[in-house]
Amino acid sequence: MDTPNLSDKTEKKPLNFLEEIIENDLKTGKYKSILTRFPPEPNGYLHIGHAKSICLNFGLAQKYGGKTNLRFDDTNPVKEDVEYVNSIKEDIQWLGFQWAAEYYASDYFEQLYDWAVLLIKKDLAYVDDQTLEEIRQNRGTVTEPGKDSPFRNRSVEENLDLFARMRAGEFKEGDKILRAKIDMAHSNMHMRDPILYRIIHAEHHRTGDKWCIYPMYDYAHGQSDSLENITHSICTLEFDVHRPLYDWFIEKLEIFPSHQYEFARLNLTHTVMSKRKLLQLVKENHVNSWDDPRMPTISGFRRRGYTPESIRNFCDTIGVAKRDNVIDYSLLEFSLREHLNKVALRRMAVLNPLKVVITNYPDNQTEELDAVNNPEDPNAGERKVSFGKEIYIEQDDFMENPPKKYFRLAPGQEVRLRYAYFITCQEVIKDEKGNIIELRCTYDPASRGGNSPDGRKVKGTIHWVSAKHAVKAEARLFDKLFNGINPEEVEEGKTFLDNINPDSLQIQECLLEPALAEAKVMDKFQFERLGYFCADYDFTAEKPVFNRTCTLKDSWSKEQKESEAIK
RNA sequence: UGUCCGAUGGUGUAGUGGUAGCACAGCAGAUUUUGGUUCUGUUAGCCCAGGUUCGAACCCUGGUCGGAUAACCA
């Protein structure tokens with residue numbers, strides 16, 4: 001697929017606050033070049049919110065000639081898995097980015113341990129025997145200071161001994177932890193002797209059973225940044241209150257001073273964005289998989305038919321700032337359509353077929369008509385489509401009693417069959433229940449290709465497939481997974497699951513022009529007047545399966561709905 | 001209730017003491033062999049109150065509202 005250059009429109013964009021910081025750091029010589037990192041925990045699949053972070057971290061590095069590391073924040077073995085590691089790598093690459101180096105926080109466990117020993121020796125860390133509950137109690141509240149642990153003043157020697165024995169596996173989970181010795185009365189709760197290490201007797205997906213003590217996020221993250229000489233450590237807003245601690249470790253350990261900057265995470269209307277909830281949707285089978293096309297995961301969007309370009313452009317368009325935001329889903333779709341419109345080949349397919357017999361067309365005749373592959377791209381060329389006496393059109397394209405300004409087919413009304421002929425509806429055939437089952441039309445042989453030599457105009461052009469040549473296929477039509485702009489906003493006693501849209505997936509048979517049977521998995525098309533579709537992973541030539549990525553903008557049906565609403 | 005962060009059209013995002021701009025969405029029109037695309041026009045905004053200043057979205061003070069934060073998660 002061609003990838004038009006979408007970057008030209010970003011050239012003159014004003015700087016965001018991160019770019020300002022970086023340009024200043026470069027200008028003042030604080031850094032010669034920048035190094036960012038994308039640090040996911042491998043405990044789930046990446047979602048569109050991560051895409052924002054990826055585009056930011058990799059994009060910033062690209063823009064300023066720096067590099068970006070991929071680092072898995074794998075400090076909690078019970079939640080993590082290699083399945084997630086692999087999916088994360090695939091998603092980043094699919095988005096179009098390549099990391100300079102691949103690291104794991106677990107690579108640093110030995111170094112982190114040594115630094116913990118150093119902190120103990122400096123009397124800046126101690127082993128605490130309090131229970132989880134006691135620790136919670138003694139932490140105080142936002143208005144009251146906490147209380148020092150009775151174990152806070154253990155000797156350096158005792159702490160060293162205890163910590164070594166923690167590592168050696170002498171204690172049960174919860175028996176002991178290592179804490180930093182800072183200030184139990186600090187106004188920032190994160191500075192009230194934060195926990196550095198806890199005991200977890202679990203198999204780690206990389207280090208196996210080598211360790212039974214694991215560093216906490218706060219103790220691991222900044223030091224990992226520092227070890228890699230990360231210059232700009234970019235994370236979301238909720239880590240803002242962690243920054244003093246991030247800086248504290250760097251200062252006490254006297255290591256490379258990485259700096260943390262926070263931005264507002266992405267929120268999308270009609271979507272949930274927490275890994276916990278997405279995991280729940282998968283585990284409880286509300287969707288079929290992490291890459292279900294209705295999921296806001298990167299793999300879900302990929303399977304749905306989104307292009308990496310459209311997602312990157314979206315991330316670029318929404319900008320980055322520090323205020324909370326909720327992005328309108330339509331902006332994502334705009335970005336998608338903008339790209340697909342340029343690159344997707346046009347094809348004809350009928351979702352809800354209505355048979356049309358052209359009474360004055362020769363019985364056994366078949367014609368090959370020329371059709372443009374993409375009016376937006378002359379290089380896309382043309383194709384032939386077969387035409388015959390019997391065709392199918394869309395049920396929506398005929399009305400027996402049409403309203404005003406209905407440009408499509410109606411009794412006595414003439415329309416253009418795209419790339420074919422003008423036809424006029426002469427007769428409506430119904431079954432015994434009164435359902436319209438067939439139309440009898442006449443065609444104007446002089447209008448071959450879609451133009452009449454007498455210059456007469458028709459207002460409507462509709463798509464069609466030849467009955468004799470059409471290929472049956474499965475169409476998967478998606479709607480929003482959730483009702484309501486914010487699915488997390490629920491009444492008492494309800495959960496976001498109560499906002500699930502029961503009609504988010506509709507599977508139906510459809511008819512395709514034959515060229516579509518030759519598609520390859522993930523090929524993207526515009527089915528004219530219907531929307532953008534992409535060949536699903538389940539697609540085979542024998543049984544084509546297409547996902548509707550999104551509909552086309554449709555000012556007609558919108559107008560219709562409004563006028564119906566008035567009635 | 002402490003600390004921290006934030007507040008510009010419906011939604012995002014610029015503007016850093018001198019005419020509030022851009023995108024999406026909306027609306028209206030033109031073009032169109034997709035009721036698509038494209039093009040044109042248009043509706044709509046500085047949280048409030050004081051202060052500094054010739055001049056404030058921007059600086060100061062005080063409020064208000066929203067968010068984060070009190071896991072042995074990240």
Side-chain angles (χ1 to χ4, degrees), chain A residues 9 13-16 20 39-41 43 73-76 78-80 105 128 130-132 135-136 139-146 173-179 186-192 195-200 214 216-218 220-221 235-244 262 264 269 275-276 317-335 337-338 341-342 346 348 371-372 375-376 405-408 415-420 422 449-451 457-463 485 526-531 551-560:
Chain A
K9 65 169 97 167
K13 273 185 81 170
L15 300 182
N16 63 50
E20 274 176 14
E41 183 187 14
N43 66 343
D73 231 331
D74 55 350
T75 56
N76 186 357
V78 299
K79 287 190 175 178
E80 298 152 6
D128 195 345
Q130 292 182 104
T131 63
L132 201 155
I135 288 175
R136 194 173 292 160
R139 186 151 31 219
T141 67
V142 287
T143 47
E144 303 161 41
E173 291 186 13
D175 279 359
K176 287 182 166 43
I177 54 164
L178 185 73
R179 304 181 75 173
H186 201 108
S187 60
N188 181 338
M189 302 292 287
H190 294 274
M191 297 297 271
R192 318 243 267 222
I195 294 166
L196 271 35
Y197 274 92
R198 76 286 212 196
I199 297 168
I200 304 177
Y214 290 91
M216 297 286 289
Y217 165 86
D218 281 311
H221 201 96
C235 62
T236 45
L237 247 28
E238 66 269 27
F239 291 101
D240 182 297
V241 286
H242 295 246
R243 181 153 30 89
E262 309 86 18
T269 58
K275 274 191 193 171
R276 207 201 94 240
T317 305
I318 59 177
V320 54
K322 295 194 75 155
R323 65 185 97 103
D324 297 324
N325 61 82
V326 185
I327 310 285
D328 211 300
Y329 203 91
S330 63
L331 187 58
L332 217 205
E333 293 195 323
F334 167 79
S335 203
R337 293 191 182 110
E338 182 184 44
N341 178 50
K342 292 194 183 101
R346 271 55 170 179
M348 290 200 286
V372 178
E376 304 294 317
K405 293 200 291 181
Y406 184 79
F407 303 149
R408 287 111 97 147
V415 291
R416 174 188 294 113
L417 292 176
R418 177 137 237 225
Y419 299 124
F422 288 5
N451 284 306
K457 299 267 187 259
V458 290
K459 198 77 170 136
T461 301
I462 64 176
H463 60 276
I485 289 179
Q526 184 195 105
F527 290 4
E528 295 218 28
R529 304 208 305 136
L530 294 177
T551 60
L552 259 28
K553 271 176 65 175
D554 184 358
S555 51
W556 167 246
S557 70
K558 190 186 294 172
E559 196 176 303
Q560 283 305 100

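Chain naming here is simple, since letters A, B, ... match the order of the sequence lines and numbering starts at 1 in each.
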N/O donor-acceptor pair under 3.5 Å between A/Glu20 side chain and A/Asn16 backbone
no
Mark this stacking check for A/Tyr217 against B/A74 as yes or no, applying ring centres under 5.5 Å and ring planes under 30°.
no
Expressed as a whole number of Å, how far does the C1' atom of B/C58 sit from that of B/A14?
13 Å
Would you kindly check whether a donor in the side chain of A/Glu376 faces an acceptor in the base of B/G36, or vice versa, at under 3.5 angstrom?
yes
Using modelled atom types and a 3.5 Å cut-off, is there a donor and acceptor pairing between side-chain atoms of A/Asn188 and backbone atoms of A/Val241?
yes
When you compare B/C65 with B/U8, how far apart are their C1' atoms, in angstrom units rounded to a whole number?
15 Å
Could you tell me how the ring of A/Trp556 sits relative to the ring of A/Phe407: parallel (under 30°), tilted (30 to 60°) or perpendicular (over 60°)?
parallel
Assign A/Gln526 to base, sugar-phosphate, or nothing according to its heavy-atom contacts below 4.0 angstrom with the strands shown.
base
Give each protein N/O atom lying under 3.5 Å from an N/O atom of nucleotides 68-71 of chain B, with the pair distance.
unit_1: B/U69; atom_1: O2'; unit_2: A/His190; atom_2: NE2; d: 3.1

If the cut-off is 4.0 Å, is A/Thr75 near the phosphate of B/A74, judged by side-chain N/O to OP1 or OP2?
yes
Say you pick atom P in B/U43 and the same atom in B/C48; how far apart are they, in whole Å?
22 Å
Check ion pair A/Glu262-A/Arg243 (N to O, under 4.0 angstrom)
yes
Closest-nucleotide 5' rank along RNA chain B - winner of A/Asp218 and A/Leu530:
A/Leu530
Whole-Å distance between B/U8 C1' and A/Arg323 CZ?
7 Å
Taking only the P atom of each, what is the distance from B/G63 to B/G2 in whole angstrom?
11 Å
Determine the Euclidean distance between corresponding C1' atoms of B/A30 and B/G18; express it in Å to zero decimal places.
39 Å
Scan A/Asn43 against the nucleic acid and name what it touches under 4.0 Å (heavy atoms): base, sugar-phosphate only, or nothing.
nothing
Could you verify whether a donor N or O on one side chain and an acceptor N or O on the other, from A/Arg418 and A/His463, lie under 3.5 Å apart?
no
Using a cut-off of 4.0 Å on non-hydrogen atoms, how would the nucleic acid contact of A/Tyr419 be classed: base, sugar-phosphate, or nothing?
base
Do A/Tyr329 and A/Phe334 make the cut of ring centroids closer than 6.0 angstrom?
no
Dot-bracket pairing map - RNA chain B, Watson-Crick plus G-U, both contacts under 3.5 Å, | cross-strand:
.((((((..((((....[..)))).(((((.......)))))....(((((..]....))))))))))).....
Give me the distance, rounded to whole Å, that separates B/U69 from B/C22 when you measure between the C1' atoms they each carry.
35 Å
Between A/Arg192 and A/His186, is there a donor-acceptor pair closer than 3.5 Å when you use the side chain of the first and the backbone of the second?
yes
Crowding at NZ, A/Lys405 (>12 non-hydrogen neighbours, <6.0 Å)
no
Can you tell me how far C1' in B/U64 sits from the matching atom in B/C47, rounded to whole Å?
7 Å
Judged by atom type as modelled, is there a donor-acceptor pair below 3.5 Å linking the side chain of A/Lys79 to the main-chain atoms of A/Asp74?
no
When the C1' atoms of B/C54 and B/A44 are considered, how many whole Å apart are they?
31 Å
Just call it for A/Arg408: base, sugar-phosphate, or nothing, with non-hydrogen atoms closer than 4.0 Å on any strand.
base
Looking at every strand, decide which applies to A/Tyr406 at a 4.0 Å heavy-atom threshold: base, sugar-phosphate, or nothing.
base
